[in-house]
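Residue numbering restarts at 1 for every chain, and letters A, B, ... go by the order of the sequence lines.
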Amino acid sequence: MAVGDKYNHQKIEQKWQKIWEELGLYKAQDFSKRPKSYILIEFPYLSGDGLHVGHGRSYSALDAIARKRRMQGYNVLYPIGWDAFGLPTENYAIKTGIHPIEITKKNVALFRRQLKSLGLSFDWSREINTSDPIYYKWTQWIFLKMFECGLAYLAEIPINWCPECKIGLANEEVIGGNCERCGKEVERRQQKQWMLKITAYADRLLKDLDGIDYLEKIKAQQVHWIGRSEGVTVKFKVKSFSPRLIRPGRKKSKVDEVVEVFTTRADTLFGVTALVLAPEHRLITDCLSLVENRKEVEEYIKQSKKKSEFERTELEKEKTGVLLKGMYVINPVNNEKVPIWIGDYVVATYGGGAVMVVPAHDKRDYAFAKKYGLEIREVVKGGDISKEAFVDYGILINSGKFSGLESKEAIKKIGKWLERHKKGEQEVQYKLRDWVFSRQHYWGEPIPLVFCENCAVKIKNQKSKIKNFSQGELLNPGWKAVPEEDLPLELPYVKSYKPTETGESPLAHISEWVNTTCPKCGSKAKRETDTMPNWAGSNWYFLRYIDPKNDKVLADYKKLKYWLPVDLYNGGMEHTTLHLLYSRFWHKFLYDIGVVPTSEPYKRRRSHGMVLAEDGRKMSKSFGNVINTDDIVNTFGADVFRVYEMFMGPFDQAIAWNPKTILGVDRFLAKVRNITLGVIPSSSTLSSRASGVPMKSEQASEGRDDNLEQLMHQTIKKVSEDLDNMKFNTAVAALMEYTNELITQYGKLKTEYIETLLLLLAPFVPHITEELWHRIHPKLSEKRSIFKEQWPGYNLRLAKSKEIELVIQINGKVRDKTRTNADILEKQAEKLALKQKKIQTYIKGKKIKKIIFIKGKLINLVID
RNA sequence: GCCGGGGUGUUGGAACUAGGGAGACAAUAUGGACUUAAAAUCCAUUGGGCGUAAGCCCGUGCGGGUUCGAAUCCCGCCCCCGGCACCA
């Protein structure tokens with residue numbers, strides 16, 4: 001590598017990558033006395049397409065931070081692994097007939113090669129793979145612990161079912177109500193699914209956000225997703241006009257039936273003129289016999305069942321409903337008779353599946369009342385209810401003894417009144433739902449549970465021996481955990497991974513696997529055939545990096561204590577709700593059972609923007625606009641690629657790929673090579689060619705002789721701070737400026753300036769700087785890497801300018817500038833300003849009313 | 001509808017944390033040097049307008065305000081991106 005020579009990036013990058021690996025430069029040391037820094041990137045989901053430039057963006061950027069921290073003396077853990085289970089691999093397997101295990105092997109090799117070609121400083125000795133049985137043993141183990149603690153339960157819930165592919169679909173696979181793959185309309189089907197009680201952690205997941213450093217918008221998304229609201233659950237007694245109050249087959253009188261309604265606006269209770277129930281509401285099925293217009297109601301329910309979730313929530317803007325004739329409820333605050341409706345705009349799974357209709361003070365209720373001719377009764381003053389609903393707070397009217405109160409106060413008082421009279425309870429509701437944990441697919445972790453009919457019967461009948469069962473077993477009679485010593489429960493090798501006609505997982509086909517014996521009583525039992533979702537393995541992977549080979553526990557507690565929490569976690573914006581929430585949930589659970597030492601996994605979370613294609617669209621195989629990292633690395637080299645990805649724009653913003661800007665980066669690095677090799681006399685191989693850099697050096701601008709040192713200190717400060725704040729683009733810009741200035745002042749360079757340039761650049765440009773470092777220090781052994789050098793420090797005093805250009809303003813407008821020393825005082829500055837000819841012409845004949853002086857910056861003369 | 005982020009040259013963007021020189025750093029384009037030529041490299045110009053020039057005026061989505069001074073702060077509005085969405 002010399003000026004004039006073509007720089008052979010391939011040769012040099014490979015050379016150093018090999019040396020670094022041999023030196024074990026990036027191995028993190030457990031229990032080192034140096035301060036630890038755990039830097040984490042979201043591990044890639046394996047696909048046959050290989051590494052995408054989007055991966056490269058965050059990996060290079062975080063690599064720069066990791067490298068800088070090492071140079072600053074930190075013991076850095078920057079690990080990598082593979083998110084390997086999941087649908088895309090399974091679909092590819094179905095299409096090609098190659099087994100997912102084989103596909104995964106191939107993809108791992110591909111990703112590993114590509115990542116290594118970028119010169120990323122991962123600690124490869126800690127590599128993990130979620131589809132590896134020694135890894136998913138612990139995924140299963142965590143699940144069993146949750147089962148044991150009663151956090152896992154079976155529920156019959158609707159799933160998206162594609163009748164063409166005969167497969168259950170995840171919500172993400174349903175596009176506009178149709179199957180993503182075949183385009184056929186998706187149906188709703190009830191299916192038994194394992195659920196995890198994340199709702200039990202809702203409050204803590206919300207509250208603990210206060211103590212951690214997540215990007216504001218990420219926190220906002222989590223808060224929104226959890227959706228906490230305080231209110232009161234009001235009990236409305238059900239009455240019937242019909243004398244037949246006793247239903248056959250049930251002893252309880254209809255009069256005892258109560259509909260519970262959740263509201264955040266107890267202050268509007270006196271304005272209730274109807275109740276609306278979700279079509280799935282229990283009361284409707286229970287009391288259908290009492291309904292006079294039974295046929296009409298049944299027809300409505302049938303129609304709404306046909307609608308997909310999509311139609312019910314997206315298309316159907318207008319609210320519909322049917323009155324339940326012959327029944328009514330009693331409003332507990334004023335004992336009024338209130339009609340009951342059913343309407344499919346009411347969400348069955350939230351707040352008990354029933355809402356009270358207060359047309360005067362809720363937009364939806366207003367529209368509903370207008371459509372069906374319900375009374376609109378004003379109970380909060382402040383709006384004009386003849387025109388629209390008044391939804392703000394105000395003073396209560398028409399509200400009995402609560403009239404005259406302000407809404408906020410009324411909410412509290414009415415809530416308490418209801419509680420005192422046992423007509424309601426103050427409550428907190430969450431939008432967050434429990435997590436559907438079952439997948440009817442092959443390529444995932446088998447759920448390690450067994451169903452035993454014998455045990456089920458025992459639990460139902462023998463309540464006395466209840467102590468012998470775990471909470472999970474009691475909650476799910478007959479279900480047993482696979483014993484811990486039998487973990488991992490390995491995924492059996494099958495030939496066909498196609499889901500079955502019935503919607504069961506392909507594992508259901510393998511009778512020798514399904515049929516087993518109960519680990520508790522030894523009788524015949526059947527295995528669960530569902531597998532875990534893709535999220536399962538990625539929920540806790542960062543823990544396994546800390547102790548990847550441990551076969552006794554998921555990770556050694558002392559090691560966890562040393563490394564946790566993760567200091568910086570970076571990933572895509574698309575994972576900031578679900579992945580982050582699920583992962584925090586599991587972590588909190590592990591904390592509760594004493595497996596991990598912290599209640600939060602990630603101290604700081606940042607997200608990177610997507611890299612879009614040149615056309616501004618998302619990169620996608622179907623558009624044919626995907627850019628593979630190999631192409632860029634082959635043409636320009638890893639260093640150019642890395643700097644380009646960091647320079648292209650603000651890290652957290654989406655940005656389109658622009659091949660022209662890459663050239664600018666390539667030119668910049670060429671300049672760095674040239675100036676380094678041209679200046680240092682000891683690099684004998686090229687001293688004769690040093691003049692190959694035609695620089696505008698000779699006419700270095702006047703008055704700027706000794707400011708190179710100052711610029712150096714400023715640059716160190718800027719690059720250090722920008723890296724900490726993840727402002728990679730401006731850090732690179734500062735390095736470009738510094739380099740340009742070194743070129744302009746080519747005759748006056750000291751070795752220190754060049755060394756600093758290389759050290760500052762090293763985290764961004766590891767290969768070139770390492771090579772140049774050894775060129776300017778020819779006696780240095782190859783083992784003495786630049787990355788073992790110390791990160792340069794700066795001197796604030798030296799970074800400060802001695803001279804400034806004082807800005808002279810008149811009435812706030814810049815009229816002149818003049819060079820002077822930086823610590824000039826107001827009086828002198830004033831004199832200096834008044835001396836300027838230009839200024840004199842401006843103030844001639846005018847009176848100076850006021851002078852504003854900002855030290856080291858400007859003076860402003862205020863005139864008439 | 002709600003929440004979050006944003007709107008600056010031809011383009012990506014900088015300056016926004018704390019009000020003080022708008023356009024750093026790149027890219028693009030044009031002209032020039034070198035070359036038989038091209039590429040590469042180097043030099044100059046590159047927000048708009050007026051002016052021979054010195055220089056002046058305008059300009060950070062729109063309209064107002066605060067201030068000696070606003071891209072930055074406040075109020076109202078428009079538009080774009082991301083997320084959530086009949087959550088009572």
RNA chain B in dot-bracket form (Watson-Crick or G-U pairs under 3.5 Å, [ ] crossing, | inter-strand) is (((((((..(((.......[....))).(((((.......))))).((((....))))..(((((..]....))))))))))))....
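- Residues A:R228 and A:D203 are paired through a salt bridge, judged by an N-O separation under 4.0 Å between the basic side chain and the carboxylate.
- Not a single donor-acceptor contact under 3.5 angstrom links the side-chain atoms of A:K850 to the base of B:C68.
- Comparing the C1' positions of B:G31 and B:G82 gives a spacing of 44 Å, expressed to the nearest Å.
- The residue A:K727 sits close only to the backbone: its heavy atoms come under 4.0 Å of sugar-phosphate atoms, none of a base.
- Between B:C81 and A:K217, no contact under 4.0 Å exists linking OP1 or OP2 to a side-chain N or O.
- Comparing B:G51 with B:C56, their C1' atoms are spaced 9 Å from each other, to the whole Å.
- When the P atom is used for both B:A26 and B:C42, the distance is 11 Å, rounded to whole Å.
- Enclosure of atom NZ in A:K219 by more than 12 non-hydrogen atoms of other residues, nucleotides or ligands within 6.0 angstrom is indicated.
- Interface remark: the A:Q221 side chain does not form any donor-acceptor pair with the B:G82 base, using a distance-only criterion of under 3.5 Å.
- For the P atoms, the distance from B:G7 to B:U60 is 13 Å, rounded to whole Å.
- Checked against a 6.0 Å centroid threshold, the rings of A:F368 and A:Y345 count as neighbours.
- Nucleotides B:U36 and B:U30 place their P atoms 24 Å apart, quoted to the nearest Å.
- In this structure, A:K431 reaches the bases: a heavy-atom distance under 4.0 Å links it to at least one base atom across the strands shown.
- If you take atom C1' in B:G76 and the same atom in B:A22, they sit 26 Å apart, rounded to whole Å.
- Residue A:R228 is out of contact with every strand shown, counting any heavy-atom pair closer than 4.0 Å.
- In this pair, A:H575 and A:W535 present their aromatic rings perpendicular. The plane angle is above 60°, beyond the 30 to 60° band.
- Contacts of A:V814 with the nucleic acid, taken as non-hydrogen atoms under 4.0 Å apart, involve only primed sugar atoms and P, OP1 or OP2.
- Side-chain N/O atoms of A:Q809 and base N/O atoms of B:G20 include a donor-acceptor pair closer than 3.5 Å.
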Full working for salt bridge (charged side-chain N to carboxylate O under 4.0 Å, His left out) between A:K817 and A:E805 | CA-CA 6 Å; A:K817 305 163 194 182; A:E805 204 162 43; 5.1 Å; no
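- Look at the C1' atom in both B:U11 and B:C84: the space between them is 33 Å, to the nearest Å.
- Glycosidic conformation at B:G32 (O4'-C1'-N9-C4 for purines, O4'-C1'-N1-C2 for pyrimidines): anti, more than 90° from 0.
- A:N729 comes within contact range of the sugar-phosphate backbone alone, with a heavy-atom separation under 4.0 Å but no base atom that close.
- When all heavy atoms of A:Q222 and A:T577 are compared, the closest pair comes out as NE2-O, 3.6 Å.
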